[in-house]
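Reading through the structure tokens given below for one structure.
Both ligands and their constituent atoms are indexed starting at 1 by order of listing. All values reported here derive from a predicted model rather than from experimental measurement. Below, all heavy atoms of this structure are taken into account, side chains as well, without hydrogens, waters or symmetry copies.
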Amino acid sequence: MINIALDGPAGSGKSTVAKILSKELDILYLDTGAMYRACGLKCVKLGVSVKDENAVSAFINDIDLRIEYKNGAQVTILDGIDVSTEIRRPEVSMLASDVSALKCVRLKMVEMQRKIANSLDCVLDGRDIGSFVLPNANYKYFVTADSLVRAERRFKELIERGTPVESLEALHEEIKQRDYNDSHREFAPLKQADDAVVIDTSNMTIEQVVNFILSDVRSR
Ligand code: DC
């Protein structure tokens, strides 16, 4: 079984790298952030605060969330509806970060992630894959970059996608806030696993990051 854990903060380039790696190695790509984003969206649909642990714990165990694959790409399905595009909206990012801090949410999502990872070869991107979800993953990488570089990458990506975005400064603030949130929560925070290989991508292209990981995986 091949399990590659790719952790790191928002905008570090993990998801782009994970997608390419999954194609190159012909294994599945599991975007775990999409699952927390779907939980945030579910709260909005129910009119529940993402910080209200009692209200969230009342529905989370029965959440109708499915991860499927269409032509190799992940499709996130909530209550039978494909929400893959909706969960990418910038305002869903902070909701996902807040709801992901709740222990009941993490326990449920981690259970689903472990089930998928134990049955299929895959590369998973997230915040706590190497440190908590799959401590025994064969390959662990912690991908990071300077916060301004990450904000600039996100800014460019959103503009290219035609998503309205306030300003680079606002995006930078949001990224820093999310970094703080994700790394200071009590349960399974964003953390570099002791045995993870750290890759600072501030001055690297996506291709260089992919090649670095591919040669590391193939050399072992
Ligand atoms: O990777 P992303 O930006 O789509 O993730 C959205 C939020 O979900 C992120 O701010 C923190 C949370 N998350 C998490 O807590 N654990 C993961 N394994 C993946 C994401």
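For ligand 1, the polar-atom distance check against D128 finds a nitrogen or oxygen pair separated by under 3.5 Å. At under 3.5 Å, a nitrogen or oxygen of R185, whether backbone or side chain, sits near a nitrogen or oxygen of ligand 1. On a distance-only criterion, D31 and ligand 1 share no N/O pair closer than 3.5 Å. Checked against a 3.5 angstrom limit, the closest N/O atoms of Q113 and ligand 1 fall outside it.
What you find for A10 and I175 is that their closest heavy atoms are O-CD1, 4.1 Å.
Of the protein's non-hydrogen atoms, the one nearest atom 7 (C) of ligand 1 is A96 CB, 3.7 Å. Counting protein heavy atoms only, atom 6 (C) of ligand 1 is closest to R178 NH1, 3.6 Å. Atom 19 (C) of ligand 1 has its closest protein heavy atom at T32 OG1, 3.4 Å. For atom 13 (N) of ligand 1, the nearest non-hydrogen atom of the protein is Y36 CD1, 3.6 Å. Residue, atom and distance of the protein heavy atom nearest to atom 4 (O) of ligand 1 are R37 NE, 2.6 Å.
Counting only non-hydrogen atoms, the option in R106, M94, R154, R127 that gets closest to atom 1 (O) of ligand 1 is R127.
Without hydrogens or angle criteria, Y69 side chain to Y29 main chain gives a donor-acceptor distance under 3.5 Å. Side chain of D98 to main chain of K51: no donor-acceptor pair is present (N/O by atom type, distance under 3.5 Å, no hydrogens or angles). Remark: the backbone N or O of I27 is not paired with any side-chain donor or acceptor of D121 at under 3.5 angstrom.
Ligand-side atoms of ligand 1 in range of S100: 11 (C), 12 (C), 15 (O), range being under 4.0 angstrom from any heavy atom. Every atom of ligand 1 is numbered from 1 in the order shown, and the set under 4.0 Å from a heavy atom of G126 is 17 (C), 18 (N), 19 (C).
With rounding to the nearest 0.5 Å, the separation of OG in S167 from CD in E173 is 9.5 Å.
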Requested in this report: Could you walk me through whether D79 and K45 pass the salt bridge (charged side-chain N to carboxylate O under 4.0 Å, His left out) test, one step at a time?
Outcome: CA-CA 11 Å; D79 295 322; K45 303 218 160 162; over 6 Å; no
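If you check the side chains of S93 and R154, you find no donor sitting under 3.5 Å from an acceptor.
Residue M109 places no heavy atom under 4.0 Å from ligand 1.
Remark: Y180 OH is loosely packed, at most 12 non-hydrogen atoms of other residues, nucleotides or ligands lying under 6.0 Å away.
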